[in-house]
Amino acid sequence: MFWLGLGVFVIVFALVLYATFSARRRPTDTPPPMRGEWLIILGGVVVPLPILGIVLGYSLYSSNVTSGPRTPLGAASSARITVDLIGHQFWWEVRYLEQGVVTANEIHIPVGEPVLFRVTSADVIHSFWVPQLHGKIDLVPGNTNTIWIQADETGVFRGLCAEFCGNQHTFMHLLILAQPRREFDTWLEQQQQPAAEPVGELARHGQQVFMGAACVYCHTVRGLNEEAATTTVGPDLTHVASRMTLGAGVIENNRGNLGGWISDPQGIKPGNRMPPTRLNSYDFRALLAYLEGLR
Ligand code: CUA
């Protein structure tokens, strides 16, 4: 395209120079006679048509190759990890389909490797954006968009929803944790395990509370209620205690915040889809002990 463009530029500029200097020799008050119609037809129609045709065809071809998921730009190897990302009001469902891992709001990826993201939405349009790693890509219900992401350094990268999606749009955060391959594999292996069995009487009672209260209708704990709840209304909690944050990046994941979140999620993140859970203090402590054990 450049060489074609340069050729056209040189020819046009030569004609402009020719016209400029040849016009000087004529008196200005007499218009020049009309000459060279053939040049107008040739330069204005006959030559541009094939040139623009070739350029159009080539740009259609090259934009097709550079946007398809099979040719990562600047990627050293093809991706071995595919992440399915599903937007919800107001959190992120994260699935590693091949590895059978489901998590939420925190995406682990191996550093220095291209990772394929397939993104869609369960409700309204969201937009996935981790400014340090990639440009925005929309999560559209009923449609799957794809994007390649590669982190060249290890670290925790903060991302957010970049499309207004409701009253907690502002607090629809996520983290990408780029790890060395070995650490990433360890994490995957740990996430593949079904939920840990509760240890101790309090935690065992907490599991009963979890099954008896409303939790179970929206949250899956693999190995416990997956046949009852193929639901994705709320985040999968199988390994909730291994995450850094709660409420899609809104609060740090610790016992106090977890308790606050369960008893008054609307106070922390007004308008989110989780109702408050009223429990007596023993049941409440038991539930916390159980959830804290889901590492
Ligand atoms: Cu989701 Cu804004």
Side-chain angles (χ1 to χ4, degrees), residues 67 69 81-97 101-109 115-151 155-178 191 214-215 217-221 229-240 242-253 257-258 260-262 264-277:
S67 67
I81 299 293
T82 301
V83 176
D84 285 285
L85 187 64
I86 301 134
H88 293 260
Q89 285 175 315
F90 303 92
W91 60 281
W92 310 83
E93 182 182 341
V94 183
R95 290 178 173 268
Y96 299 74
L97 218 57
V101 167
V102 184
T103 179
N105 306 323
E106 286 170 25
I107 308 168
H108 292 241
I109 59 170
V115 177
L116 178 64
F117 278 72
R118 293 189 293 226
V119 303
T120 187
S121 169
D123 37 48
V124 299
I125 300 178
H126 304 272
S127 186
F128 170 45
W129 191 31
V130 183
Q132 285 169 289
L133 295 181
H134 67 95
K136 293 173 188 172
I137 185 157
D138 279 0
L139 284 68
V140 183
N143 184 56
T144 302
N145 286 331
T146 52
I147 189 171
W148 290 92
I149 290 175
Q150 180 168 330
V156 180
F157 301 92
R158 190 171 262 282
L160 66 161
C161 180
E163 175 79 35
F164 181 75
C165 56
N167 50 2
Q168 281 300 332
H169 156 70
T170 313
F171 291 112
M172 186 168 164
H173 294 204
L174 68 105
L175 297 175
I176 287 192
L177 296 92
Q191 296 288 315
C215 320
Y217 299 113
C218 297
H219 296 286
T220 301
V221 172
T230 43
T231 172
T232 53
V233 176
D236 182 291
L237 297 182
T238 309
H239 299 286
V240 63
S242 70
R243 296 181 202 148
M244 294 170 74
T245 68
L246 294 171
V250 171
I251 45 175
E252 202 186 312
N253 187 4
N257 282 344
L258 182 62
W261 178 261
I262 293 168
D264 187 20
Q266 296 301 321
I268 293 171
K269 195 170 168 177
N272 87 77
R273 305 280 160 162
M274 180 160 158
T277 309

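Each ligand, and each atom within it, is numbered from 1 in the order the structure gives.
- Across every non-hydrogen atom of P235 and A104, the tightest pair is CB-CB, 3.6 Å.
- Residues W92 and H173 have side chains not in contact (no heavy-atom distance under 4.5 Å, counting atoms from C-beta outward).
- Between V156 and L175, the shortest heavy-atom distance links the atoms CG1-CD2, 3.9 Å.
- Remark: side-chain polar atoms of N253 are paired, donor with acceptor, to backbone N or O of R243 under 3.5 angstrom.
- Under 2.8 Å from atom 1 (Cu) of ligand 1, one finds the following protein N/O/S atoms: H126 ND1, C161 SG, C165 SG, M172 SD.
- A donor-acceptor contact closer than 3.5 angstrom is absent between the side chains of E106 and S242.
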Validation: residues 122-129 side-chain donor-acceptor distances under 3.5 Å, sequence neighbours left out:
unit_1	atom_1	unit_2	atom_2	d
D123	OD1	H126	NE2	2.8
D123	OD2	Q89	N	2.9
S127	OG	I137	O	3.4
S127	OG	D138	OD1	3.0
W129	NE1	H134	O	3.3

